[in-house]
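Report on the structure given below.
Every chain is numbered from 1, with letters handed out A, B, ... down the list of sequences.
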Amino acid sequence: MKFSAPKGTRDLLPPETAAWQHAEHVFGDVCRRFGYGEIRLPTFEQTELFQRGVGDTTDIVQKEMYTFPDKGGRSLTLRPEGTAGVVRSYVENGMASWPSPVRLYYAITAFRYENVQKGRYREFHQFGCEAIGAAGPAIDAELISLLQLFFAQMGLAETKLRINSIGCPVCREAYQALLRDWLKPHLPQLCDNCQDRFVRNPLRIIDCKETRCQAVTAQAPAQADHLCADCQAHFDGLQHQLNVLGLSYVIDRRIVRGLDYYTRTVFEFVSEHVGTQGTICGGGRYDGLIETVGGAPTPGIGFALGVERLLMELDAQGIQTPPAPTPVLFLAIAGDHEDEARRLCFRLRQAGLAVETDLLGRSLKAQMKYAGKSGTRYVLVLGDDEAASGSGRLRNLETRAETEVRLDQLEQHLLEA
RNA sequence: GUGGGAUUAGCUCAGUUGGUUAGAGUGCCAGAUUGUGGCUCUGGAAGUCGUGGGUUCAAUUCCCAUAUCCCACCCCA
């Protein structure tokens, strides 16, 4: 029996993991600058949380969840996204009494049972932020500026921000009626899928990728043009705030979002290097969600960023991330001096240095080869001479230069190097 | 759930119009005289040719099924 990683999952190995660590580090750093604290939550939740939170009508809930009964008969689900869990935790832990707004960030894996393709996996990684308790557009813009800064810190050359407003339940209902009326005469020209959507959720017709549907909907009324006064003010305010911060964006009336909880502001950062899954990051406001999950009516906004897609984009733009650190010193052993080498090696590690030594009883030549391949900066051979004199030659593998150092001063020497 | 392409050594790939011991490059291990790497040379280990059936005297090669990978539809991060 030969085992392999389950479909849609993959192993992340060194040195590739260095890029992941770097991204996580930078993300956490940027989040903290904006006052976000890290939240860590269970990987699975009660199934009903996602049904209610994400929305029963969404593809995610209808066909993509990893749902299973536990031995106590509970129905549990591997999280398909991060927001529902955070909101559950917000309500459960009474965060409404925390200083407002509550700002949280996370780095998680999420799970969706989908067919795999470029930029899409069954287990995938997300960075996310949630800001709960602020209703005005300033927090929307702040969150977007956080993302801009993050992308910049990662070295991404250009990131395209698209924003839209999908209104609130009130104006959305009015708009849906309007849209249905407008679409009705064009119905025969739409694809099969959109025929369906016309009944279930006409909003989704707007972001259909079929060219014939786009041809029809290009002229269709947009939600953003039919907002109620409050939603319009919010959308105007958002644009003002973005302008104040000097952030460039385009209004894309086709952005609809596939999760039910979004209201008003929705936005995406897109790329052309991630296959047809161009969205690196998607987010929006969810002013009704906290209530849906059992809390008091509270506004909120958040985003999720696909880490696989981010790293693909970095790669496509030829951006290097810092390589994994290599050992400073390889302590090579000549002759019968293993014990001294082990002792010295541990002493240097205790002093905070990354040091390796031979564990396989290899020839000196083989040890040198190994040190060269592993990217180690220095080698010191520990043999009869060194054991007797208490000093040795520290060889710089890059320059091939050797300097004489006393073994009891090695730490000092290497820490300075 | 639906299509298309792929699957041969750790990795990247040749190959067999069906025939006996399946190849290369790279990587790995070792050696090229005594305690010093990257270049070069030599040698070695490593494959049930994705898995299961079928056709055949004979299958890695042809047929069917299945799994996985890649890409796309759908949808999303």
Classify the side chain of [X] and the base of [N] as holding, or not holding, a donor-acceptor pair under 3.5 Å.
| X | N | answer |
| --- | --- | --- |
| A:Q367 | B:rG35 | no |
| A:R120 | B:rC74 | yes |
| A:D384 | B:rG35 | no |
| A:R393 | B:rG35 | no |

Using the C1' atoms only, state how far B:rU2 lies from B:rU56, rounded to an integer number of Å.
36 Å
Please report the distance separating the P of B:rC62 from the corresponding atom of B:rG5, rounded so that it comes out in whole Å.
14 Å
Does a side-chain N or O from A:Q117 land closer than 4.0 Å to OP1 or OP2 of B:rC71, or not?
no
Using only side-chain N and O atoms of A:K7, determine if any of them is under 4.0 Å from OP1 or OP2 of B:rC69.
yes
[X] near the nucleic acid: base, sugar-phosphate alone, or nothing, with a heavy-atom cut-off under 4.0 Å?
| X | result |
| --- | --- |
| A:Y121 | base |
| A:G282 | sugar-phosphate |
| A:E81 | nothing |

Options [options], nucleotide nearest the side-chain atoms of [X]:
| X | options | value |
| --- | --- | --- |
| A:K373 | B:rC28, B:rG37, B:rA77 | B:rC28 |
| A:M368 | B:rU2, B:rU36, B:rG38 | B:rU36 |
| A:L259 | B:rC71, B:rU36, B:rA77 | B:rA77 |
| A:K365 | B:rA32, B:rA77, B:rA72 | B:rA32 |
| A:E386 | B:rC70, B:rG35, B:rA72 | B:rG35 |
| A:D59 | B:rU36, B:rC28, B:rC74 | B:rC74 |
| A:K63 | B:rC74, B:rA30, B:rG38 | B:rC74 |
| A:R395 | B:rU36, B:rA72, B:rC73 | B:rU36 |

Would you tabulate the side-chain donor-acceptor contacts of residues 327-339 of chain A under 3.5 Å, counting partners in other chains and residues two or more places apart, or write 'none'?
{"residue": "A:H337", "atom": "ND1", "partner": "A:E340", "partner atom": "OE2", "Å": "3.1"}
{"residue": "A:H337", "atom": "NE2", "partner": "A:D384", "partner atom": "N", "Å": "3.3"}
{"residue": "A:H337", "atom": "NE2", "partner": "A:D384", "partner atom": "OD1", "Å": "2.6"}

Measuring centre to centre across the rings, with the benzene-like ring taken for any Trp, is [X] within less than 6.0 Å of [Y]?
| X | Y | value |
| --- | --- | --- |
| A:F151 | A:F269 | yes |
| A:F27 | A:F127 | yes |
| A:Y105 | A:Y36 | no |

Can you tell me if A:Y370 is stacked onto the base of B:rG37, using a 5.5 Å centroid cut-off and an angle below 30°?
no
Ring-face cation contact, A:Y113 with A:R122, 6.0 Å cut, 45° max:
yes
Both A:A366 and A:V381 contact RNA chain B. Which one's nearest nucleotide lies toward the 5' end?
A:A366
Could you say whether A:A304 or A:R362 is positioned toward the 5' end of RNA chain B, judged by the nucleotide with the nearest heavy atom to each?
A:R362
